[in-house]
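In what follows, residues are counted from 1 in the order of the sequence shown.
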Amino acid sequence: MISKKTKYAIKALMVLGRNYGKEPMQIVKIAEEEGIPKKFLEQILLEMRNAGILYSKKGAGGGYSLNKAPEDIFLSQVMRLIDGPIALLPCVSLNFYRSCDECTEEHACGIRDTFVDVRNAMLQILNDTSIASLINKEKELGFSLDN
């Protein structure tokens, strides 16, 4: 499962993606729109700003905005930033590899071999899914802010 923090990060990016090209949005507005605790959202947005995904502006008219187009922000990037490894087992992780404590012959492990396939399939989807594609998917599904 993805963490609540990652889910909130994606939701915030979608709000900012729908607002792309407009004035920066204040944290309070994003938090209210998505039902995210403000203090928690502040931490998440700061983390994404430090990673270069977001831009922040202080003062009157300040807030957060996307630092790149919604088409150029992918779920794999966000998930790795917020939660670290995407792989379900440490021995199959591309960026956070660790051998499993109980494994004696990694190359002959059926569990590992299967979860490499799972990782590859999952990464394909996450690498191909941008914030823009999530916003478009919601439009296709009939999502409305009035719901």
Side-chain angles (χ1 to χ4, degrees), residues 1-21 24-58 63-145 147:
M1 288 193 306
I2 66 171
S3 70
K4 198 166 249 186
K5 186 176 180 183
T6 295
K7 191 171 184 181
Y8 286 162
I10 294 168
K11 286 173 155 272
L13 288 170
M14 289 176 69
V15 169
L16 293 168
R18 288 190 289 270
N19 194 60
Y20 185 66
M25 291 184 74
Q26 294 183 340
I27 292 174
V28 172
K29 174 99 171 101
I30 300 167
E32 286 174 359
E33 204 167 301
E34 289 300 327
I36 303 170
K38 184 179 170 278
K39 287 286 186 196
F40 196 27
L41 182 59
E42 285 174 354
Q43 296 169 7
I44 295 167
L45 296 179
L46 183 62
E47 203 169 327
M48 290 194 292
R49 188 204 68 187
N50 291 340
I53 296 173
L54 300 179
Y55 167 79
S56 67
K57 180 180 173 187
K58 293 183 179 183
Y64 282 90
S65 56
L66 297 182
N67 207 23
K68 43 184 157 177
E71 297 81 24
D72 298 327
I73 303 170
F74 295 91
L75 290 184
S76 57
Q77 176 188 15
V78 177
M79 290 176 68
R80 281 190 178 116
L81 173 67
I82 302 298
D83 279 341
I86 291 173
L88 299 175
L89 294 174
C91 65
V92 301
S93 179
L94 294 173
N95 297 313
F96 301 91
Y97 172 85
R98 271 188 310 109
S99 62
C100 295
D101 296 335
E102 64 281 349
C103 193
T104 56
E105 292 189 49
E106 194 173 272
H107 68 281
C109 179
I111 295 169
R112 181 183 188 280
D113 191 58
T114 298
F115 278 87
V116 165
D117 293 340
V118 171
R119 178 208 62 208
N120 291 342
M122 188 166 55
L123 268 179
Q124 181 69 49
I125 294 167
L126 297 174
N127 284 334
D128 290 345
T129 305
S130 68
I131 295 302
S133 61
L134 289 179
I135 292 167
N136 290 333
K137 187 171 288 261
E138 282 191 347
K139 287 178 187 172
E140 290 170 15
L141 294 171
F143 175 77
S144 169
L145 290 176
N147 287 348

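Using a 4.5 Å cut-off on side-chain heavy atoms (C-beta onward), Tyr64 and Pro24 make no contact. At least one side-chain heavy atom of Leu123 sits under 4.5 Å from a side-chain heavy atom of Leu94. Side-chain contact between Ile53 and Gln77 is present, with heavy atoms from C-beta onward closer than 4.5 Å. Side-chain contact between Leu41 and Glu34 is absent, with no heavy atoms from C-beta onward closer than 4.5 Å. With a 4.5 Å cut-off on side-chain heavy atoms, Leu45 and Ile30 count as touching. Residues Tyr97 and Cys91 have side chains in contact (heavy-atom distance under 4.5 Å, counting atoms from C-beta outward). Side-chain contact between Leu75 and Leu134: present, with at least one pair of heavy atoms (C-beta onward) separated by less than 4.5 Å. The side-chain heavy atoms of Arg18 and Glu33, taken from C-beta on, include a pair separated by under 4.5 Å.
Around the NZ atom of Lys68, the shell of radius 6.0 Å holds more than 12 heavy atoms that belong to other residues, nucleotides or ligands.
Remark: Leu54 CG to Ile73 CD1 distance equals 7.0 Å, nearest 0.5 Å. Interatomic distance, Leu46 CG to Ile27 CD1, rounded to the nearest 0.5 Å: 8.5 Å.
Here salt bridge (charged side-chain N to carboxylate O under 4.0 Å, His left out) pairs that include residues 108-124, with residues two or more places apart or in two chains, are Glu106-Arg112.
At distances below 3.5 Å, not a single donor-acceptor pair connects side-chain atoms of Ser133 with backbone N or O atoms of Thr129.
When all heavy atoms of Asp128 and Phe74 are compared, the pair lying nearest together is C-CD2, 4.2 Å.
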